[in-house]
Every structure is written in structure tokens, then in C-alpha cells.
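Step one of this worksheet: look at the structure below.
Below, read A as the first sequence line, B as the second, and so on, with proteins coming before strands; counting in each chain starts at 1.
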2 protein chains.
Amino acid sequence: MLQYQASPLDLMFQALADPARRAMLDRLTRGPASVGELAKPFAMTLSAIMQHLNVLTGSGLVKTDKVGRVRTCQLNTVALRSAEQWIADRRLTWERRLDRLGAFLDANPEDPDAS
Amino acid sequence: MLQYQASPLDLMFQALADPARRAMLDRLTRGPASVGELAKPFAMTLSAIMQHLNVLTGSGLVKTDKVGRVRTCQLNTVALRSAEQWIADRRLTWERRLDRLGAFLDANPEDPDAS
DNA sequence: TTGATACTGAAGCATTTGCTTAAGTATCAA
DNA sequence: TTGATACTTAAGCAAATGCTTCAGTATCAA
């Protein structure tokens, strides 16, 4: 992906590719959290968590809102759904193809190959 | 993700994070393809395609089978489904939480905050 | 106003990633 | 057996990634 303007889908899947970031998302399914709370389970500096958080917000998977000195983070279902949808679309297209192929083979048992 | 044995989910989302690899998956939803066929739409060397393909097979998203000198590639729905499921689980947990919160706020209109 | 809290930003650095080129190796067809 | 085809591998390199440390900047509480 050399010197290329990353698409929303790139950013989302890239965000999902890291176990620490997935763990952060996991935590956020149980409700909103501050940056500090989000950082607590990790053996990483707050700075590192901040960078992960920036990847998550940059991808749209997480929305944050700062009031006073604490920034509260929340999951964004809209973005989550679009990543999910991309996979589902491909999987379904392929599964339907396999179904059609199966049906065809059932109907034409003599045929060696149908593709 | 410094020096850490990548989990299947890491490998899958990492595989999905690259636009070239997603395009290859896209192609494969329309049916199996050889390495050469898979490479054709890209302005990349076959070598580069090979490396992308290795990421895809390494993640389980694609299965290949070589007969003679041509390797045929196919989508693997099982792996695709598990990536999809991870996202869906998180999204649903969070959406259900929001629903419960909404219901609670509807039932207790005076309460300033329920978390 | 002083100190603690909660985050933020910039450098720096090792590792990983996404390519390339330049070699192969194995079929297959004539 | 000879050449073309279809992939495969290794080495190298620039850019991106995932951290760290260190030095901030805002609140907030007393």
C-alpha cells in the first residue's frame, strides 16, 4: 500500500488488525470509557494507547468527546456495520455461487465440471 | 504488534486491510482463478501478487490447489464468516446496550444520566 | 496558587510491510 | 529435447507501524 490515499475500508480493517485495538473495541462494547480506563488493562504507555485510539477514531470505529480533562470514547456502530457488510457481501456472493453450482451438478450428474 | 504470535483474527483482518488483497477476494467471489488470472488486473509484478496471495492463504481466507503448473485459488467462506462474526458480535452487544439505555431513559425521564 | 490528574505531541528506533529485480523450478506442447 | 508457460523464491529497499521516552498543556481540587 505504498504512498496511496487509504480508503475508509482500508482504515477500518487496518484498525481491526491489531489485537490491542480489538481489545479496546471489546472493552467499549461494555460501555463508554475514558482514555485512562481504556489503557488500564494494557502493559503499554498511555502514549501508545493514544496512538491506537487515534487509529480507531481515524477509522471511524470509535467516536470520542472531551469534557474537561477527560475524553470519553464510544463505539460507532455505523462504521462497524460497514466493515461487517463488506465481508458479508463477498461471503454471500460466493456461497450463492456454490449453491448454484451444487444445484447444477445435482441436475447433471454426468457432467465432469460446470465452471 | 511487536514480536507476537499473530492470532487467526489478526491474520484475517490484516489480510483484509489491503485494497489489492480485497480486490483479489472480490475477483474470487466471481469464481475460482489461477494466480495469473488473479494478477492480470494489477499493475504489479507476479511476485508481488504471490506475496499478497500468501497473506490471503496464510489467513485462511483463500484456499489454493495446484495441479500441473497452475495453482487455482478459491474463497474460503468459513474464515470469511469468522471475521464477519467477530464484528457482528461486538456491534450487536453495543447496539443492545444502547437499546436498553434508551428504554431506561424513556422509563425514567427525570434521570440526568444512567451509566 | 499549587500540585495532582488526564491527556497530548514530538522524536526516535526496531520491526514489519509492500513492493522490486533477478534469479530460479516445474510442467506442458511440439 | 527444447522452448514457452506458470508459478516460486530470495535479496534488497523505502515507507509504514508499534512502540518508547520525554516534555508538554489543560483541567480540577484544595
Side-chain angles (χ1 to χ4, degrees), chain A residues 1-25 27-28 31-59 61-74, chain B residues 1-28 32-59 61-74:
Chain A
M1 219 157 53
L2 223 57
Q3 51 163 145
Y4 149 91
Q5 166 63 359
S7 77
L9 229 35
D10 290 332
L11 296 175
M12 276 185 273
F13 284 124
Q14 209 159 139
L16 288 167
D18 188 281
R21 285 192 295 261
R22 281 203 313 281
M24 289 167 75
L25 291 176
R27 162 65 189 82
L28 289 177
S34 69
V35 177
E37 279 165 6
L38 222 45
K40 214 160 256 173
F42 295 96
M44 259 184 250
T45 59
L46 196 59
S47 220
I49 293 294
M50 206 61 187
Q51 289 166 55
H52 281 307
L53 186 57
N54 286 337
V55 173
L56 288 170
T57 56
S59 72
L61 290 169
V62 168
K63 296 282 182 203
T64 73
D65 181 33
K66 186 164 189 174
V67 26
R69 55 185 168 168
V70 11
R71 176 175 303 278
T72 304
C73 311
Q74 275 208 337
Chain B
M1 217 157 55
L2 221 58
Q3 51 161 151
Y4 149 92
Q5 167 62 358
S7 77
L9 230 34
D10 290 332
L11 296 175
M12 276 185 274
F13 284 125
Q14 210 159 138
L16 288 167
D18 188 281
R21 285 193 294 262
R22 281 203 312 281
M24 290 167 75
L25 291 176
D26 233 355
R27 163 65 191 80
L28 289 178
S34 69
V35 176
E37 280 166 6
L38 222 43
K40 214 160 253 173
F42 295 97
M44 260 184 246
T45 60
L46 195 59
S47 220
I49 294 295
M50 205 63 185
Q51 289 166 54
H52 280 307
L53 186 57
N54 286 337
V55 173
L56 288 170
T57 56
S59 72
L61 290 168
V62 169
K63 295 283 183 201
T64 74
D65 182 31
K66 186 164 188 175
V67 27
R69 56 185 167 168
V70 13
R71 175 175 302 279
T72 303
C73 311
Q74 275 209 339

Exercise for the section: For C/dC19, take OP1 and OP2 only and decide whether either is under 4.0 Å from a side-chain N or O of B/His52. Expected result: yes
Problem - Given D/dT8, C/dC19, D/dT20, the nucleotide with the shortest approach to the side chain of B/Ala48 - result: C/dC19
Handout entry: Atom-to-atom span, CE of A/Met44 to P of C/dC7 - whole angstrom
Key = 16 Å
Exercise for the section: Would you mind telling me which of A/Asp65, A/Thr57, A/Thr64 makes a side chain to side chain donor-acceptor pair (under 3.5 Å) with A/Arg71? Expected result: A/Thr64
Handout entry: B/Arg21 vs C/dG18: side-chain N/O to OP1/OP2 distance below 4.0 Å
Key = yes
Problem - Nearest-angstrom distance from the residue atom CG of A/Asp18 to C1' of C/dT16 - result: 13 Å
Exercise for the section: Quickly work out the A/Ile49 CD1 to C/dG9 P distance and round it to whole Å. Expected result: 16 Å
Practice task
Examine D/dA6: is either OP1 or OP2 under 4.0 Å from a nitrogen or oxygen in the side chain of B/Lys66? Give yes or no.
Solution key: no
Exercise for the section: For A/Gln5 and D/dA16, give me the distance from atom CD to atom C1', rounded to whole Å. Expected result: 15 Å
Exercise for the section: Indicate yes or no: at least one non-hydrogen side-chain atom of A/Met24 is less than 4.5 angstrom from one of A/Leu53. Expected result: yes
Problem - Interatomic distance, A/Asp65 CG vs C/dA6 P [rounded to whole Å] - result: 17 Å
Fill in the blank from the handout: To the nearest 0.5 Å, atom OG1 of A/Thr45 lies from atom CD of A/Gln51 at 7.5 Å
Exercise for the section: Identify the heavy atoms of B/Glu37 and B/Pro32 that sit nearest to each other, and give their distance. Expected result: OE1-O, 4.2 Å
Exercise for the section: Give a yes or no on whether a donor-acceptor pair under 3.5 Å exists between the nucleobase atoms of C/dA10, that is its base, and the side chain of A/Ser47. Expected result: yes
Practice task
Calculate the interatomic distance between B/Leu11 atom CG and C/dT16 atom P; express it in whole Å.
Solution key: 13 Å
Completion exercise
Heavy-atom closest pair (A/Met12 atom, A/Leu61 atom, distance to 0.1 Å) is O-CD1, 3.8 Å
Completion exercise
Under the rule of Watson-Crick or G-U wobble with both distances under 3.5 Å, where | means paired to another strand and [ ] a crossing pair, DNA chain C maps to ||||||||||||||||||||||||||||||
Exercise for the section: Could you tell me the separation between the CG atom of A/Leu16 and the CG atom of B/Leu9, rounded to the nearest 0.5 Å? Expected result: 8.5 Å
Fill in the blank from the handout: Output for pair (B/Asn54 CG, B/Ile49 CD1), nearest 0.5 Å, gives 11.5 Å
Practice task
Would you indicate, yes or no, if D/dA4 has its OP1 or OP2 atom less than 4.0 angstrom from a side-chain nitrogen or oxygen of B/Arg69?
Solution key: no
Fill in the blank from the handout: On DNA chain D, more 5' by nearest nucleotide between B/Met50 and A/Ala43 is B/Met50
Problem - Separation of atom CG in A/Leu46 from atom P in C/dA6, rounded to whole Å - result: 10 Å
Problem - Protein-nucleotide distance (A/Phe13, atom CZ; D/dT17, atom P), rounded to Å - result: 16 Å
Exercise for the section: Classify the side chain of B/Gln51 versus the base of D/dT9 as yes if they form a donor-acceptor pair under 3.5 Å and no if they do not. Expected result: no
